[in-house]
Amino acid sequence: MEAVRNIQNPIPREVMKPSKWLSMYEDFVAKNSSSVGSVESALSSLTYIIPGRYRESEIASECVHSGVQLLSLYHDSLVSKVISRLPSPVPRPPPSPHARYTKYWTLRSSLYHRVAVALQMLRYTELLWEMAARRRGQKMRWRVVVFIEIAKAICRLLLLRLTNSRPLVNPPLPEREVDPRSTQGEDEQSDWNGMETSTSERSTDISWTMPRTGLSMPSLPDVNDVSNYLISKVLTADDIKPPKTLLHRVTGQGQLAEVMYILRPVVYALAMQRWSGDRRSWRPWLIGFGMEYGCRQLAKRDFRERVAGGLRGLTGLEREELRKRGWSMGWWLMRGAFYENITKSWLHSVTGKMKGKPLLDLVGSVVEDYEYLWDNYYFSTATL
């Protein structure tokens, strides 16, 4: 009878517990961070070419894309927890200013972390919600678009308040920058991989472990690479600043510029809803572009007047964020009246010239597939 009982229930109850499976999955992600990231990128890239090629599959494709993005967000939090639990003697690569700043606020304020996660989840699923609403009609579609933009604006205003009026960074959460295995020694890496690593696959760097402290002395650099090694060890002003000082607080016209930047998508979506019957109307485009360009110039003028050294006195994180916002303004070429009146016809002429030519024909077909999204969906070109 005992043998029969074992056959009927061959799996122990402990293994069947959901928490056990979740723990095993988290351990797998932590040990294979690089491989998991490669799979995420491959799945995301695959969904880029499906929507326009198969007209009835855009929702299924976007479900996969949104699911991968949300799963990646979960994986980022797992890897961050693993790295934070590493022993202090274990060396870690220096984090980027963005990672230092966002990690400081996520650890300092639980409300900041919850709001930032909610904002990222909205961004990753906004196009999916629009696709689903579009099947209920254009009125429902624009109501959903406006509602999502208002929800995102509320989240951003809360983040602005929680950071004591510091400009927003994109994304508001730390990104995955370090593979936990890269911070382990050779012996520890064999445990992470689940198998012994051959001598030829291990790093050629020779380190010496001090017997009393257990710390490792790194090997000397190659004589031909001494200058690069020394430059990599030089600390900049941003490296020694407290994380919260990596962004200056905004006041007066600077704060007005940031609030305008946050509210711009809401105003633009309302304008698009108001004039949705005339896709070639320039009024929504001029309102949205004018607000974004105006608040950018206002923010720059505030920095020149308030920060010592003007724009040259900005931190690396502030310059990076300004550069991101500048590049994102290029998407106005693919929105509203500018796209309908100018960009669309130009794209048609360019893709027409690419047909029948090796490689260029493939690029042209991908562009034509994406025209389906640009023609029909608001969030396909949203950057905020």
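As a basis for the values below, the full set of heavy atoms in this structure was taken, side chains included, without hydrogen atoms, waters or symmetry mates.
Contact of the H113 side chain with the L173 side chain is registered, since non-hydrogen atoms from C-beta on lie closer than 4.5 Å. The shortest side-chain heavy-atom distance between L128 and C63 falls under the 4.5 Å cut-off. Side-chain contact between R141 and E130: present, with at least one pair of heavy atoms (C-beta onward) separated by less than 4.5 Å. The closest side-chain heavy-atom distance from R306 to T251 is below 4.5 Å. The side-chain heavy atoms of R134 and M131, taken from C-beta on, include no pair separated by under 4.5 Å. Side-chain contact between L298 and L256 is present, with heavy atoms from C-beta onward closer than 4.5 Å. For the pair W105 and K244, the minimum side-chain heavy-atom distance is below 4.5 Å. Side-chain contact between I148 and K152 is present, with at least one heavy-atom pair separated by less than 4.5 Å.
In this structure, W332 and W285 have perpendicular ring planes: the angle between them is above 60°, well past the 30° mark. Using a 30° and 60° split on the angle between ring planes, Y293 and F289 fall in the parallel class, below 30°.
The local environment of CH2 in W282 is crowded, with over 12 non-hydrogen atoms from other residues, nucleotides or ligands closer than 6.0 Å. Counting non-hydrogen atoms of other residues, nucleotides and ligands closer than 6.0 Å to NZ of K353 gives a total of 12 or fewer. Residue-environment remark: NZ (K357) stays at or below the threshold of 12 foreign heavy atoms within 6.0 Å. Counting non-hydrogen atoms of neighbouring residues, nucleotides and ligands closer than 6.0 angstrom, the CE atom of M121 reaches no more than 12 such neighbours.
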Before you tell me yes or no, could you show the steps for Y101 and T163 under side chain to side chain contact (heavy atoms under 4.5 Å, CB included), namely the whole-Å CA-CA distance, both residues' side-chain angles and the distance that decides it to 0.1 Å?
CA-CA 10 Å; Y101 179 80; T163 56; 3.9 Å; yes
One pair to check against salt bridge (charged side-chain N to carboxylate O under 4.0 Å, His left out): E321 and R325. What are the steps and the verdict?
CA-CA 6 Å; E321 188 60 29; R325 295 186 183 187; 3.5 Å; yes
Worked check of salt bridge (charged side-chain N to carboxylate O under 4.0 Å, His left out) between E292 and R296
CA-CA 6 Å; E292 186 161 348; R296 178 177 176 81; over 6 Å; no
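In this structure, a donor-acceptor pair under 3.5 Å is absent between the side chains of R274 and S281. Side chains of Y377 and E62: no donor on one and acceptor on the other come within 3.5 Å.
D375 and K344 are joined by a salt bridge, as a carboxylate oxygen and a charged side-chain nitrogen come within less than 4.0 angstrom of each other.
The hydrophobic clustering, which links ILVMFWY residues whose side-chain heavy atoms are closer than 4.5 Å, places L127 and W374 together. Both V145 and M334 are assigned to one and the same hydrophobic cluster, defined by single-linkage of ILVMFWY side chains at heavy-atom distances under 4.5 Å.
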